Structures are given as C-alpha cells and as structure tokens.
Undergrad: 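Can you keep this structure in mind? I'll have questions shortly.
Computed from a prediction, not measured in an experiment: that's the story for all the values here. Index from 1, following the sequence.
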Amino acid sequence: MKKLLFFLSLSVLFAACTSSNSLKLKATSSEMYPCAHPSNGFIKTGFSIRGTDYNPSDSFVFDFDNEKFVWKDHKGSSSNGMCKLSESGNVSTYATEYNAIRITEVTSDYYMVDIIFRDGNDSFMITYECTRD
C-alpha cells in the first residue's frame, strides 16, 4: 500500500510539473519584410529588410494558460496578453494589443514564428526560425 501511495504521489507531482501549457522558443535566425496590414493576414509585400534592430537572438514565451506572450530581445522584454484567433493543423494564429503572431510547428523542436508589428502607418513582419529553449 505504501508503494502504491508513493507511486501515486509521484504521478501527481509529475503531472503538476508537466501540465504547464507554455512554449519557450529561441530564435536561430530571422528576416524582416514589409507586409500588408495585419487585418489582411500574413502577406509579405516586399523583399527582406535588415534594419538596425535586426537581432537573431530573440526569444519568446507563449504562456497559453495565462494568455501571455513575452518577447525578449537585445532591448529588453515585453509582455502582452494574447488571444487565439485560429488553429489549423500545425499552425496557430494569435493577436496581442500590438502584434499579430503565427506559430508553425515544423517538428517537435523546430518552429517558425511570424510576428507582424506596425511602425507608424507601415506594417512589417519578422519571420523567425526557432528551436525550443
């Protein structure tokens, strides 16, 4: 009986530790493009741009339980609420107050993350290749 309680306790502890529904990613490369307004979807309207803020070492935390998106880069980090817009197969689309985000799971350890942001009247999309952090 003691063995059964011990294994049940371990099972509950393991489930509690692994039940966090979050995804932590580290960018391995990125490219920035001009794009259409986010309301039109993820549509590139030009060729790759490399601005002064280009940095392939960005990282992301998608906390699905708390509906939070954390974006860390060389300037610091930002945290915003997010809501799911759609999911189709291995592609999920989210929105925050400032960004449109598309996550594509290529393999269990390799992801593509597209983030649209606005700069004045212009929209830009950064496409990141990421691995689990």
Side-chain angles (χ1 to χ4, degrees):
M1 185 66 165
K2 287 183 181 180
K3 285 184 180 181
L4 178 62
L5 285 174
F6 174 74
F7 286 117
L8 284 174
S9 298
L10 280 179
S11 298
V12 169
L13 181 60
F14 179 76
C17 291
T18 60
S19 67
S20 174
N21 192 13
S22 66
L23 177 62
K24 296 177 183 177
L25 300 175
K26 174 117 176 101
T28 57
S29 68
S30 66
E31 291 187 79
M32 187 167 69
Y33 300 88
C35 69
H37 188 278
S39 64
N40 296 322
F42 291 82
I43 301 170
K44 297 174 187 171
T45 59
F47 296 102
S48 178
I49 304 169
R50 293 202 180 182
T52 55
D53 292 339
Y54 174 79
N55 190 343
S57 62
D58 292 6
S59 64
F60 313 99
V61 176
F62 300 94
D63 183 348
F64 303 112
D65 290 335
N66 296 310
E67 298 179 338
K68 291 285 182 192
F69 166 62
V70 178
W71 183 354
K72 296 178 185 176
D73 62 15
H74 64 284
K75 296 181 195 176
S77 69
S78 63
S79 178
N80 294 289
M82 66 180 195
C83 60
K84 183 181 260 184
L85 298 178
S86 68
E87 185 171 352
S88 177
N90 61 341
V91 179
S92 299
T93 306
Y94 298 88
T96 73
E97 184 177 353
Y98 303 105
N99 308 104
I101 304 164
R102 178 173 60 188
I103 306 168
T104 305
E105 181 178 3
V106 180
T107 68
S108 61
D109 292 322
Y110 179 71
Y111 292 79
M112 298 294 293
V113 175
D114 299 310
I115 300 175
I116 295 177
F117 66 94
R118 304 260 311 151
D119 185 8
N121 292 328
D122 300 319
S123 295
F124 297 93
M125 178 169 56
I126 303 178
T127 298
Y128 291 95
E129 292 183 20
C130 300
T131 56
R132 283 190 180 265
D133 194 15

Undergrad: Check for me, please, whether V61 and I126 land in the same ILVMFWY cluster - side-chain distances under 4.5 Å, paths through other members count.
TA: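 Looking at the clustering, I126 is in a separate group from V61.
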Undergrad: How close do M125 and D114 get, heavy atom to heavy atom, and via which atoms?
TA: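 Taking M125 first and D114 second, the nearest heavy atoms are SD-CB, 3.8 Å.
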Undergrad: Which distance, rounded to the nearest 0.5 Å, do you find between the OG of S88 and the CZ of R102?
TA: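 With rounding to 0.5 Å, OG (S88) is 11.5 Å from CZ (R102).
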Undergrad: Using modelled atom types only, decide if a donor and an acceptor are shared between the side chain of T107 and the backbone of Y110 within a distance under 3.5 Å.
TA: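 At least one qualifying donor-acceptor pair exists.
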Undergrad: Under 4.5 Å between any side-chain heavy atoms of H37 and R118, yes or no?
TA: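 In short, these two side chains touch, coming nearer than 4.5 Å.
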Undergrad: Could you tell me which non-hydrogen atom of G41 sits nearest to which non-hydrogen atom of I116, and how far apart they are?
TA: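 That would be O-CD1, 3.5 Å.
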Undergrad: Closest heavy-atom contact between S77 and K72?
TA: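 Scanning both residues, the minimum pair turns out to be CB-CG, 3.5 Å.
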Undergrad: Between K68 and D63, does at least one N-O distance fall below 4.0 Å, as a salt bridge requires?
TA: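 No.
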Undergrad: Do side-chain atoms of D58 reach the backbone of D73 as a donor and acceptor pair under 3.5 angstrom?
TA: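 Such a contact is absent between D58 side chain and D73 backbone.
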Undergrad: Can you see which heavy atom on F64 is nearest to which on S22, and at what distance?
TA: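 Taking every non-hydrogen atom into account, CD1-CA, 4.1 Å.
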Undergrad: Do F42 and Y94 belong together in a cluster built from hydrophobic side chains that touch within less than 4.5 Å?
TA: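 No.
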Undergrad: Is a side-chain N or O of T28 found less than 3.5 angstrom from the main chain of E129, in a donor-acceptor match?
TA: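 Yes, the answer is positive, given that a donor and an acceptor are paired below the 3.5 Å cut-off.
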Undergrad: Between atom CZ of F124 and atom CG of D119, what is the distance when rounded to the nearest 0.5 Å?
TA: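 Atom-to-atom, F124:CZ and D119:CG are 5.5 Å apart.
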Undergrad: Is it true that the side chains of Y98 and N80 contain a donor and an acceptor less than 3.5 Å apart?
TA: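 No, N80 and Y98 have no side-chain donor paired with an acceptor closer than 3.5 Å.
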Undergrad: Give a yes-or-no answer on whether the side chains of D109 and T131 include a donor-acceptor pair shorter than 3.5 Å.
TA: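 No - no donor-acceptor pair under 3.5 Å links their side chains.
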Undergrad: Does F69 form a side chain to side chain contact (heavy atoms under 4.5 Å, CB included) with E67? I'd like the steps, not just the answer.
TA: CA-CA 7 Å; F69 166 62; E67 298 179 338; over 6 Å; no
Undergrad: Could you measure the distance from the CE atom of M82 to the OG1 atom of T96? Nearest 0.5 Å is fine.
TA: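 One gets 9.5 Å once the value is rounded to the nearest 0.5 Å.
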Undergrad: To the closest 0.5 Å, what do you measure between NZ (K26) and SG (C130)?
TA: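 Between atom NZ of K26 and atom SG of C130 there are 9.5 Å.
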Undergrad: Just how far is it from atom OG of S92 to atom CD of E87, taken to the nearest 0.5 Å?
TA: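 It is 4.0 Å, given to the nearest 0.5 Å.
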Undergrad: Which atoms form the tightest heavy-atom contact between F47 and P34, and what is the distance?
TA: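 In terms of heavy atoms, the two residues are closest at O-CD, 3.4 Å.
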Undergrad: State, yes or no, whether a side-chain contact exists between V106 and N90 at a heavy-atom distance under 4.5 Å.
TA: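 No - every pair of side-chain heavy atoms lies 4.5 Å or more apart.
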Undergrad: Of T127, L23, L25, which meets side-chain contact (heavy atoms from CB on, under 4.5 Å) against V113?
TA: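 Of the listed options, the one satisfying the test is L25.
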Undergrad: Mind checking the CZ-OH spacing from F60 to Y128? Nearest 0.5 Å is all I need.
TA: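 Between F60 CZ and Y128 OH, I get 4.5 Å after rounding to 0.5 Å.
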Undergrad: Measure across A36 and S123 and return the closest heavy-atom pair with its distance rounded to 0.1 Å.
TA: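 Shortest heavy-atom separation between A36 and S123 comes out as O-CB, 3.5 Å.
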Undergrad: Given the rule that I, L, V, M, F, W and Y join up when any side-chain heavy atoms are under 4.5 Å apart, are I115 and V91 in one cluster?
TA: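 No; tracing contacts between hydrophobic side chains, which count when under 4.5 Å, never links both residues.
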Undergrad: Should I101 and W71 count as side-chain neighbours, where that means a heavy-atom distance under 4.5 Å?
TA: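 Answer no - side chains too far apart.
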Undergrad: Just by modelled atom types, is the S108 backbone N or O under 3.5 Å from a matching donor or acceptor in the R132 side chain?
TA: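 Yes, R132 side chain to S108 backbone: donor-acceptor pair under 3.5 Å.
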